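Down below is the structure, laid out as structure tokens.
When a ligand or atom number is given, it counts from 1 through the structure's own listing order. Everything numeric here is computed off the predicted structure, so don't read it as measured data.
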Amino acid sequence: MTTQHSELQYLPADLQQELLPQHVAVIMDGNGRWAKRQGLPRIMGHKRGVDTLKDLLRCCKDWGIKALTAYAFSTENWKRPQEEVEFLMGLFQRVLRQELREMVEENVQIQFVGNLKALPTALQAEISRSMETTKNNQSIKFTVATNYGGRQEILQACRAIAQKVQAGVLKPEEISEELFESHLYTAGIADPDLLIRTSGEMRLSNFLLWQMAYGEIYITDTLWPDFDRKEFHRALCAYQQRERRFGKI
Ligand code: FPP
């Protein structure tokens, strides 16, 4: 896999370490369009997208960002042509198998969020293995949202809480934001400070609906496979210009 590890390896001088986002989330949009522009089949865009994600993960680690979350497959993505869905499932499995050793060496903790039970069994096995193997790693928390939908996540949390109330182990007045969060797929993961979406679309597309209540959003026209360290640097500069008020004045 190609990476540009030598380029911008250390935090660029115009970025302030103490103002970096702790947690960056990405909607990796535009793989299909990128491939089409190159005269290639759509799947080549996804393959190239993996290289981009891999380099972004390494870049976050190099620059001291402690968490990266990527939207790899939404609950709506099942509606794509069957061969593309099959290709993506196979790609996730292959990438996980191939990259596990490097993730261990680089002290990356990988986890998956979403309705994982609906994924192919072989992929579920690879997911469990990678999560178990890296669970104590400390350098960066890398979360992959797969078969993920924000509304579905909220609904399943509501159901789990309602069942506890019905069973008499929880009182309705005990339902706080903290308790609710502890029933989301992302329990234990801090909310993203910055969400980056590539390829120009200005929507959340059912991604981290609860978690993005106060997160900053950065949208670029760049297609995901072209989102390199320089583009990320630009996104972080824009983020550092913003004043985060969390509802205060
Ligand atoms: C959106 O582009 C991209 C996806 C649905 C797939 C993204 C997945 C990866 C980059 C692989 C990640 C792999 C691992 C193991 C984490 P699109 O197809 O919607 O592009 P378009 O809008 O141009 O059609």
Any heavy atom of Ala72 sitting closer than 4.0 Å to ligand 1?
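So Ala72 counts as touching ligand 1.
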Does at least one non-hydrogen atom of Gly30 fall below 4.0 angstrom from an atom of ligand 1?
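Within the 4.0 Å threshold, so yes.
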Can you confirm, on distance only, whether ligand 1 has an N/O atom lying under 3.5 Å from any N/O atom belonging to [X]?
{"X": "Gly49", "answer": "no"}
{"X": "Asn77", "answer": "no"}
{"X": "Asn31", "answer": "yes"}

Once you measure the plane-to-plane angle for Tyr71 and Tyr148, does it fall in the parallel (<30°), tilted (30-60°) or perpendicular (>60°) bin?
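Tyr71 vs Tyr148 ring planes: perpendicular.
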Out of Arg80, Glu84, Arg33, indicate the one that has the non-hydrogen atom closest to atom 19 (O) of ligand 1.
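The residue whose heavy atom sits nearest atom 19 (O) of ligand 1 is Arg80.
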Among protein heavy atoms, which lies nearest [atom], and at what distance?
{"atom": "atom 9 (C) of ligand 1", "value": "Met28 CE, 3.8 Å"}
{"atom": "atom 4 (C) of ligand 1", "value": "His46 CE1, 3.8 Å"}
{"atom": "atom 15 (C) of ligand 1", "value": "Val95 CG1, 3.8 Å"}
{"atom": "atom 14 (C) of ligand 1", "value": "Phe92 CD2, 3.9 Å"}

Indicate whether the side chain of [X] and that of [Y] have a donor and an acceptor atom separated by less than 3.5 Å.
{"X": "Glu84", "Y": "His46", "value": "yes"}
{"X": "Thr220", "Y": "Arg234", "value": "no"}
{"X": "Glu153", "Y": "Gln211", "value": "yes"}
{"X": "Asn147", "Y": "Trp78", "value": "yes"}

Determine whether the aromatic ring centres of Tyr10 and Trp63 lie less than 6.0 Å apart.
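Not close enough - the centres of the two rings lie 6.0 Å or further apart.
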Could you check whether Glu83 pairs with Arg42 (Lys NZ or Arg NE/NH1/NH2 to Asp/Glu carboxylate O, under 4.0 Å)?
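Between Arg42 and Glu83 there is no salt bridge, as every charged N stays at least 4.0 Å from the carboxylate O atoms.
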Can you establish whether the number of heavy atoms outside Gln138 located under 6.0 Å from its atom CD is more than 12?
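No, not enclosed.
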By number and element, which atoms of ligand 1 are closer than 4.0 Å to a non-hydrogen atom of Val144?
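Those of ligand 1 that fall under 4.0 Å from Val144 are 16 (C).
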Per-atom contacts, ligand 1 versus Arg42 - under 4.0 Å to a heavy atom:
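Checking each atom against Arg42, I get 17 (P), 18 (O), 24 (O).
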Part of Leu53 with heavy atoms under 4.0 Å of ligand 1, whether side chain, backbone, both or neither:
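The answer is the side chain.
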Taking Thr134 as the fixed residue, which of Asn107, Leu100, Val108 is the one that meets the side chain to side chain contact (heavy atoms under 4.5 Å, CB included) rule?
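The residue from Asn107, Leu100, Val108 that satisfies side chain to side chain contact (heavy atoms under 4.5 Å, CB included) with Thr134 turns out to be Leu100.
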